[in-house]
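One structure below.
Note that the coordinates shown come from a computational prediction; the quantities given were computed from them, not determined experimentally. Values reported hereafter were calculated over all heavy atoms of this structure, with side chains retained and with hydrogens, waters and symmetry mates removed. In what follows, chains carry the letters A, B, and so on, assigned in the order in which the sequence lines appear, proteins first and then strands, with residues in each chain numbered from 1.
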Amino acid sequence: MTANTNIPVATFDFHAREPYWQTRWAEKKVFEAPDIPPADKPKYYVLEMFPYPSGQLHVGHVRNYTLGDVVARYKRARGYAVMHPMGWDAFGLPAENAARERGVHPGKWTLQNIATMRGTLQRLGFSLDWKREIATCLPDYYGQQQKLFLAMLAAGLVERRDSSVNWDPVDQTVLANEQVVDGRGWRSGALVEKKTLSQWFLKITDFAEPLLDGLKTLDKWPERVRVMQERWIGRSEGAKVRFALHNPPPGYDADQNSVEVFTTRPDTLFGLSFIGIAADHPLARKVAENNAEAQAFIEECQRTGTSEEALSTMEKRGFDTGLCVVNPLDPSQTAPVWIANFVLTEYGTGAVFGCPCGDQRDLDFARKYGLEIPSVLLPTGQDEADFTLGKKAVTGDAVLYNSGFLSGKSTKEAIKAAITRLEELGVGEGVTNWRLRDWGISRQRYWGCPIPIIYCDDCGAVPVPEDQLPVTLPDDVTFETPGNPLDHHPTWKHVNCPKCGSAARRETDTCDTFVDSSWYFARFTSPKSATPTERKAVDGWLSVDQYIGGIEHAILHLLYARFFTRAMQKTGHLDVSEPFSGLFTQGMVTHESYSDDGQWLYPEEVEQRGDVVVRKDNGKIVKVGRSEKMSKSKRNTVSPVEIIERYGADTARWFVLSDSPPERDMEWTAAGVAASGRFMQRLYRLVQAVAEHDEASAEHGEAGDDLRRVTHRTIVAVTEALEGFSPNVAVARLHELASALGDAEGKAGAGLSAARREAAYVLIMLISPMMPHLAEELMLMLEPQGAMVVERTWPEADESLLAVRKVTIAVQVLGKLRGTVTCAPDAAKDDVLALAKAEPNVAKALVGKRIVKEIHVPNRIVNFVVAG
RNA sequence: GCGCGCUUGGCGGAAUGGUAGACGCACGAGACUUAAAAUCUCGAGUUCAAUACGAACGUGCGGGUUCAAGUCCCGCAGCGCGCACCA
């Protein structure tokens, strides 16, 4: 390093110096991770959820990546070999929309966006290993994904099956549930149809149990994410029960004229009131063949939307099929079969048995249609003689009665006994049911990873042979006609069957983009290898020690990634079972909104004037809305690029770390950013003064001890704050150290110079994860010949300076603070108590009182319990 | 409906059961300046007292445990998030 003789005078010139340091870091390759973790250091893999290249980085990204960068830089300083990569979740619909609306090719649009956003990330000075950058839309990546797909197919983890989908007849595409608004396609406005298509499924349900059990090992995940996943997987224990039809419709023989239901409460079978079947249950369809009313009811059920809103307001309705079943545990008992609009086809067997006394919904339904309501559950503590079922079903602790061999048993015992009997009778069995469904990944879209399959009339679905991979997307596609451009392409899909050589066609569906993000963390460990992973690299670096991202991915992305990891373990591509050992979910960045007569205004169009906010153009007072999630529609957005231009990267980084704990939402305020900018310049002046006035050769002396103690306590406090993911607390402690250094400025005394230099040095090191550019600049001033900050290690606190010379002890009388006394640390109890009693205000409070008990917590508190 | 989380000054927030309000923002006063900005210093929970010593109250509400509760336990309310006709 050369001495810098051109130190700027009073301010940190971030415009010039931030890019300078970014270049220096890149030259030294300090952020490049080795392919295989070194043996002499512990490894640490820190990863932030990679962005979709929408065009511009937003401040939510800045918060996310700054948090990750603080972790990465801190761990590096602590001696870890750090892996901190970045990439792009680059497939997806917005690129196709851009193509339709602006005529730009999705690939070109995406790559331009990546270039812009990469530039912004680089200006923020993140310690990323850019050598490992990946974009999921490039054949380098998605070709390997195709290999994974085929490996999973070979391992039996992929299946092709028919499935009912939302079909937009105008756009000729499948819509996700989220894209169906009021029964219409979100783009075309066309009435959405249910259509059965052949789709590729990943068998995530094969791993339902391990995925559930694995949650228990994830002790560094937020509790609520684990709970959400647990409920999503939705294990439920119960029984399948087959009810024989007393009067089956002619020609119906599905499973020997019976209806199979799933129940978690086989103990209440004697409380059978009715059987409810879903509108598209085979039996319902059979009934409808000869019954126009039934047909009409079924159609009505299917018309009702499946949106949450529709469901929550929907009335429970049913249609009596006239059919009747026999209770398998009591052949003398029969019950009617109803088609019910609240029974889901997709869950369980698409049929339920209604037990009104134990289930509120069943009770409401039975009452509404005047069905029989046998009472079989006696609430604990109630007497059979005087218990009558009212409006509320019995859902608490209860004992069975009126239930034959189950009578007198508790719910738990009765469930066991009922299942045993059902199995003996051959009419049912205990089963575990899961809410989790297999993952349909087929999408009728262009901008996604092609599914590497060829259809041959003779050979069926044939995997594309390895030597023909990757199956790349054709560039010459048009978006004028609705539907999948791959399907319209004149030549792309026409190929010969790899098996028999006869004319065949390619699969034109592409993968759901969630597939792309399900294994990118593994690919980062060998981003250019000719196989999906390199075992030494992937097994060495995984799992990700700290994964950081938004809570909105709590279920789908994180569950899919966990599934993929297990699937790749099975296909031999890696050997860990959980991808992310630590997870941190950060809050959103919010901003006030401004409106004038219903017209939304951008923050830069208004300014604060006294207590009001006015338009810059005409001075008119605008309405200030509450701080909420930034959105284009409310124009309450802030551009990171403008912030960097005006205040510098370090200010932006410091601001997003200040004040709010990272898991909570933070409010973006202009005043807050300006304050961060002022603090940055203050640090510059402080260290500049030290560098100019305090000789490096100075020695420590007594006058500097107070400052030294603050310095070393700050090391401990900031280290703890960063370990505990509380950068906001670290920021507060660093303000204190800066103030202490400021207070010591210009004072004379033996050792003060050395203490100031030490404080400045520590300050630089401790801010460096948050404000890395400023830290380098300050270090250059303080030690012009020294190494860069990124090459130095985290400071260690000197234990002898952590011990305090005096402690202030609070003195309470009956738990109320009456004064404080100062004494030596670990002073004898008797001395402290004597001192405490002598404190005037304490003495006053003790007058005329008898001390019953004296509590002394060393170095903390004295409490006199008094009477009288 | 079920589950989870949150509730502390004007605001963001801090606080291993041990001096509540650190630190910052906004605010006020002062210094510097021809002036402004920047910078620096000081003040500030509320009420009473206000020259001061101080006192009472105070972490959403009501209970409890404890010498001591923002923190632990029970109940309630409000807000937010997630899931939701899941049998």
Side-chain angles (χ1 to χ4, degrees), chain A residues 10-11 222-228 230-232 234 236 238-239 261-265 268 276 278 306 308 310-316 340-344 346-355 358-362 364-365 433-435 551-552 554-555 587-588 608 611 627 655 658-661 663-667 669-676 678-679 681-682 685 717 720-721 726 728-736 738-739 742-743 745 808-820 840-841 844-845 852-866:
Chain A
T11 61
E223 171 73 16
R224 64 169 172 152
V225 174
R226 293 202 308 245
V227 169
M228 279 159 76
E230 199 177 305
R231 289 170 68 95
W232 187 266
S236 90
V261 307
F262 172 74
T263 178
T264 55
R265 296 294 302 272
T268 63
T306 52
E308 284 182 22
L311 291 176
S312 61
T313 56
M314 195 173 73
E315 196 188 347
K316 309 279 177 281
N341 67 346
F342 60 81
V343 180
L344 303 171
E346 314 88 58
Y347 187 77
T349 61
V352 301
F353 95 82
C355 172
D359 184 285
Q360 193 60 44
R361 191 193 52 206
D362 292 351
D364 295 343
F365 188 82
N433 198 39
W434 303 86
R435 210 188 79 105
I551 186 73
E552 67 273 19
I555 296 178
M588 293 183 305
Q608 184 90 33
D611 289 342
S627 196
F655 171 65
S658 307
D659 292 349
S660 296
E663 66 276 14
R664 276 199 228 172
D665 290 351
M666 71 164 291
E667 188 177 355
T669 62
V673 181
S676 295
R678 286 200 299 273
F679 183 67
Q681 297 298 358
R682 183 175 175 220
R685 287 190 301 273
E720 269 176 18
S726 300
N728 53 320
V729 178
V731 163
R733 297 289 92 85
L734 288 164
H735 270 282
E736 286 170 352
S739 292
D743 290 343
E745 200 178 301
T808 304
I809 293 177
V811 184
Q812 298 179 338
V813 176
L814 274 178
K816 277 187 194 299
L817 181 71
R818 292 300 170 195
T820 58
N841 209 43
K844 205 167 88 185
V852 180
K853 198 171 175 185
E854 292 168 336
I855 312 275
H856 173 238
V857 180
N859 302 330
R860 287 209 174 266
I861 207 160
V862 167
N863 191 7
F864 295 110
V865 184
V866 297

Nearest of B/rC67, B/rA15, B/rC25 to any side-chain atom of A/Ala671?
B/rC25
Under a 4.5 Å cut-off applied to non-hydrogen side-chain atoms, are A/Ile861 and A/Gln812 in contact?
yes
Nearest whole Å is fine: how far is B/rA68 P from A/Glu854 CD?
16 Å
Nearest 0.5 Å, please: how far is CE in A/Met588 from OG in A/Ser660?
12.0 Å
Expressed in whole Å, how much space separates the C1' atoms belonging to B/rG58 and B/rA20?
9 Å
Rounded P spacing from B/rA84 to B/rA15 in Å
35 Å
Between B/rA29 and B/rC4 - C1' atom distance, rounded Å:
47 Å
P atoms of B/rA56 and B/rG78, separation to the nearest Å
35 Å
For the CZ atom on A/Arg435, are there more than 12 heavy atoms of other groups (residues, nucleotides or ligands in this structure) within a distance under 6.0 Å?
yes
Nearest-Å distance, CZ (A/Phe262) to C1' (B/rA87)?
8 Å
Take atom CG of A/Asp665 and atom C1' of B/rC11, then tell me their distance rounded to the nearest Å.
16 Å
Can you give one letter per nucleotide of nucleotides 43-59 of chain B, 5' to 3': B if a protein heavy atom sits under 4.0 Å from the base, S if only from the sugar-phosphate, - if neither?
-----------SSSS--
Closest approach of A/Phe679 and A/Leu734, non-hydrogen atoms and distance?
CZ-O, 4.1 Å
From CD of A/Glu552 over to P of B/rG82, roughly how many Å is that when rounded to an integer?
10 Å
Please tell me which of the listed nucleotides, B/rA87, B/rG18, B/rA15, lies nearest to the side chain of A/Val857?
B/rG18
Starting at the 5' end of RNA chain B, which residue's closest nucleotide do you reach first, A/Glu667 or A/Glu346?
A/Glu667
For the residue pair A/Ile551 and A/Arg224, establish whether any side-chain heavy-atom pair is separated by less than 4.5 Å.
yes
Assign A/Pro840 to base, sugar-phosphate, or nothing according to its heavy-atom contacts below 4.0 angstrom with the strands shown.
nothing
Determine the interatomic distance between C1' on B/rG13 and the same-named atom on B/rC25; round to the nearest Å.
11 Å
What dot-bracket string describes RNA chain B from 5' to 3', counting Watson-Crick and G-U wobble pairs whose defining distances are under 3.5 Å, with [ ] for crossing pairs and | for pairs to another strand?
(((((((..(((.....[....))).(((((.......))))).((((.....))))..(((((..]....))))))))))))....
Taking every heavy atom of A/Phe262 against every heavy atom of A/Gly348, the minimum-distance pair comes out as CB-CA, 4.2 Å
Who are the side-chain contact (heavy atoms from CB on, under 4.5 Å) partners of A/Leu814, not counting sequence neighbours?
A/Val865, A/Val866
Strictly below 4.0 Å: does A/Arg435 bring a side-chain N or O up to OP1 or OP2 of B/rA84?
yes
Nearest 0.5 Å please: distance from the CD atom of A/Gln681 over to the CZ atom of A/Arg678.
11.5 Å
Kindly give the heavy-atom pair with the smallest separation between A/Ala730 and A/Ala721, and that separation in Å.
N-CB, 3.6 Å
Any base atoms under 4.0 Å from A/Thr263, or only sugar-phosphate, or nothing? Heavy atoms, all strands.
sugar-phosphate
Just the rounded figure in Å: distance from P of B/rU66 to CZ of A/Phe864.
22 Å
May I ask you to say what A/Val261 touches in the nucleic acid, namely base, sugar-phosphate or nothing, with a heavy-atom cut-off under 4.0 Å?
nothing
Conformer about C1'-N of B/rG9 - syn within 90° of 0, anti elsewhere
syn
Nearest heavy-atom approach of A/Ser658 to A/Val731 is OG-CG1, 3.8 Å
Round to a whole Å and report the spacing from CG of A/Leu814 to C1' of B/rU66.
13 Å
Close N/O contacts between protein and nucleotides 37-40 of chain B (under 3.5 Å):
from   : atom 1 : to       : atom 2 : distance (Å)
B/rC40 : OP1    : A/Arg682 : NE     : 3.2

Round to the nearest Å and state the distance from A/Phe353 atom CZ to B/rA87 atom P.
12 Å
So, A/Asp362 side chain and A/Cys355 main chain: donor-acceptor pair closer than 3.5 Å or not?
yes
Using atom P in both nucleotides, what's the gap between B/rG12 and B/rG17 to the nearest angstrom?
25 Å
Distances for protein N or O near nucleotides 2-9 of chain B N or O, under 3.5 Å:
from  : atom 1 : to       : atom 2 : distance (Å)
B/rC2 : O2     : A/Arg231 : NH2    : 3.1
B/rG3 : O4'    : A/Arg231 : NH1    : 3.4

Is any side-chain nitrogen or oxygen of A/Asn728 closer than 4.0 Å to OP1 or OP2 of B/rA14?
yes
Does the A/Ser726 side chain pair with the main chain of A/Asn728, one donor and one acceptor, at a distance under 3.5 Å?
no
Once salt bridge (charged side-chain N to carboxylate O under 4.0 Å, His left out) is applied, do any residues pair with A/Glu736, and if so which ones, sequence neighbours excluded?
A/Arg733
Picking from A/Thr808, A/Asn841, A/Ile809, A/Val862, what satisfies side chain to side chain contact (heavy atoms under 4.5 Å, CB included) with A/Thr820?
A/Thr808
Considering all heavy atoms of both residues, which atom of A/Leu344 and which atom of A/Ala278 are nearest to each other, and what is their separation?
C-CB, 4.1 Å
Give one of base, sugar-phosphate or nothing for A/Thr669, where a contact means two heavy atoms less than 4.0 Å apart.
nothing
Can you tell me how far C1' in B/rA69 sits from the matching atom in B/rG18, rounded to whole Å?
10 Å
note: A/Leu734, atom CG; B/rA22, atom C1'; distance rounded to Å ~ 14 Å
Work out which heavy atom in A/Asn863 is nearest to a heavy atom in A/Gly815; give both atom names and the distance.
OD1-N, 3.0 Å
Return the nearest nucleotide to the side chain of A/Ile855; candidates are B/rA22, B/rA87, B/rC67.
B/rC67
Sticking with atom C1', work out how far B/rG70 lies from B/rU59, rounded to a whole angstrom.
5 Å
5'-most contact on RNA chain B (nearest-nucleotide basis), A/Gln812 vs A/His735, goes to A/Gln812
